[in-house]
Protein chains: 2
Amino acid sequence: MIRDKQKTQEKMIAAVGYILARDGFSKFGVNSVSRQAKVDKALIYRYFGGLPGLLRAYGNSIDFWPSLDEIIGDIEVFKQKSIGEKMAELLVQFARAMRRRPMTLEIMAWELVEHNELTQLLADVREQWVEKFFQRFSDEISATNLDIAATSALFGAAINYLLIRGRNTHIFNKIAIDSDLGWQRLEAALTEMCLRCFISA
Amino acid sequence: MIRDKQKTQEKMIAAVGYILARDGFSKFGVNSVSRQAKVDKALIYRYFGGLPGLLRAYGNSIDFWPSLDEIIGDIEVFKQKSIGEKMAELLVQFARAMRRRPMTLEIMAWELVEHNELTQLLADVREQWVEKFFQRFSDEISATNLDIAATSALFGAAINYLLIRGRNTHIFNKIAIDSDLGWQRLEAALTEMCLRCFISA
DNA sequence: TTACAATGTCACTGTGTGGTGACATCATAA
DNA sequence: TTATGATGTCACCACACAGTGACATTGTAA
């Protein structure tokens, strides 16, 4: 017996991550979490008021979304690129950042099936992200005569889908989307597409 | 009481479609299907050997994947287009065809979460589809100096994600992905991207 | 008409789940 | 030392689900 509220809370929050990463959200629940944390499930209700509260606590405990800085890298180098190169770099780095966050991918898959506090949190953070992104690049992109929102929605959707699908599928469209090699090809294709699409008029 | 084996079987198969379309796969099960079909669940086991068998029967009963012909439309008109126009037309028509198949979208969402006979069936059909597609267009596309598989994987993934997401989300990246208006923008962007990317070298 | 097989019905088991109230144990402040 | 509140434990409820064996009803063939 531990008798340390904070520590048991942390154990529960950590268990959420374990379950999501190992079994996915379909196995996620009061019983599985409490089993994993070796803690009585009653404490989930006493300390967090139930699963939603525990989810919220978990959501605040991790960085499930990369910052613009993590994506951009060296700002000086970045500035000197063309708009096509910039977009390519952004998308490639975004994909890599998400590949490092399996739990976020799990939640993104969840998002396609049902709504809960966690998926809502994720959606909110993404909205802010998109907002910042548009503020920063709308001028440059609009010079390319493209529908910014629609085009970036398509690119983002493509990456999201392949990342989510790659969790439990080897091959999609003849590409090994669960391996580094497959993603190298995808990054190359992504880059080529950006260079061809994003050209200032 | 009906006393008509074939008819009750059909009722069960139809119920599968109802449940998938109305509630999604998360509510799908022996009890929900039998309730919907107003049939005793024991018959699912007696006639189909269980849920997987019923799923297989359901899978064989509908066309959940469009044919190449449905996508291409008038072959003569199609032939005269440029490679960029062809790809744009294919992708746009593919998206429209899938929007007409909510149950297929439901199964595609399922595919991102778990494997079963139905998702496997879908995957198999798609593989054949991709195969045919490559046979038909690989020469033309390879003239564009693009990685065919990777590029079409990206386009396909984008469309899949937005379709799946659109089932229960209004807005993605500022686009109303659940409405005709949103899809008009997406189609336009898709077309523009194809025209810029797929150009014979 | 009778016997039988096919069809449909029902009650039941076992398991897993979310959720709750009563109880035991411990640390600490009075 | 004792009383109190915080922490952890446990048994239990109600529900939904998958699955099954015994039974009732019907059509039909002999």
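Small disclaimer: the values here were computed from a predicted structure and weren't measured. In what follows, chains are A, B, ... by sequence order, proteins preceding strands, each numbered from 1.
Rounded to whole Å, atom P of D:dA24 lies 13 Å from atom CZ of B:Arg3. Computed from coordinates, the B:Lys7 NZ to D:dG27 P distance equals 15 Å when rounded to whole Å. Atom CD of A:Gln6 and atom C1' of D:dG8 are 17 Å apart (whole Å). Rounded to whole angstrom, the span from the CD atom of B:Gln9 across to the P atom of C:dA6 amounts to 14 Å. For the pair B:Asp4 CG and C:dG8 P, the computed distance is 7 Å after rounding to whole Å. Residue A:Met12 contributes atom CE, which lies 11 Å from atom C1' of D:dT7 at whole-angstrom precision. When the P atom of C:dG8 is taken as reference, atom NZ of B:Lys5 falls 9 Å away, rounded to whole Å. Across the protein-nucleic acid pair, B:Ile44 atom CD1 and D:dG19 atom P stand 10 Å apart, rounded to whole Å.
Side-chain atoms of B:Arg22 and B:Tyr18 form no donor-acceptor pair, as typed in the model, at a separation below 3.5 Å. Judged purely by distance below 3.5 Å, without hydrogens or angles, the side chains of A:Gln184 and A:Asp180 never pair a donor atom with an acceptor atom. No side-chain donor from either of B:Glu187 and B:Trp183 sits under 3.5 Å from a side-chain acceptor of the other. Side chains of B:Asp124 and B:Gln128: no donor on one and acceptor on the other come within 3.5 Å.
Ionic pairing of B:Arg167 and B:Asp178 is not present here: no N-O contact between side-chain nitrogen and carboxylate oxygen is shorter than 4.0 angstrom. Salt bridge absent: A:Arg126 and A:Glu131 never bring a charged side-chain N and a carboxylate O closer than 4.0 Å. Between A:Glu10 and A:Lys5 there is no salt bridge, since no side-chain nitrogen of the basic residue lies less than 4.0 Å from a carboxylate oxygen of the acidic one. Ion pair A:Arg101/A:Asp63 flagged as a salt bridge, since at least one NZ, NE, NH1 or NH2 atom sits closer than 4.0 Å to an Asp/Glu carboxylate oxygen.
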I'd like a list of close polar pairs between nucleotides 15-18 of chain C and the protein, N/O only, cut-off under 3.5 Å.
residue: C:dG18; atom: OP1; partner: A:Val30; partner atom: N; Å: 3.2
residue: C:dG18; atom: OP2; partner: A:Val30; partner atom: N; Å: 3.2
residue: C:dG18; atom: OP2; partner: A:Asn31; partner atom: N; Å: 3.0
residue: C:dG18; atom: OP2; partner: A:Asn31; partner atom: ND2; Å: 2.5
residue: C:dG18; atom: N7; partner: A:Lys41; partner atom: NZ; Å: 3.2

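The side chain of B:Tyr47 places no N or O atom within less than 4.0 Å of a non-bridging phosphate oxygen (OP1 or OP2) of C:dA6. Between C:dG8 and B:Thr8, a contact under 4.0 Å exists linking OP1 or OP2 to a side-chain N or O.
Here the side chain of B:Leu43 is nearest to one of C:dG8, C:dT25, D:dT20, namely C:dG8. Considering only side-chain atoms of B:Asp40, the nucleotide from C:dT9, D:dC10, C:dA6 that sits closest is C:dT9. Here C:dG8 is the nucleotide among D:dG8, D:dC10, C:dG8 with the atom lying nearest to any side-chain atom of B:Arg46.
Rounded to 10°, the angle separating the first-five-pair axis and the last-five-pair axis of the helix from C:dT1-D:dA30 to C:dA30-D:dT1 equals 30°.
Put simply, the side chain of A:Glu85 gets close to the backbone of A:Ser82: a donor and an acceptor are under 3.5 Å apart.
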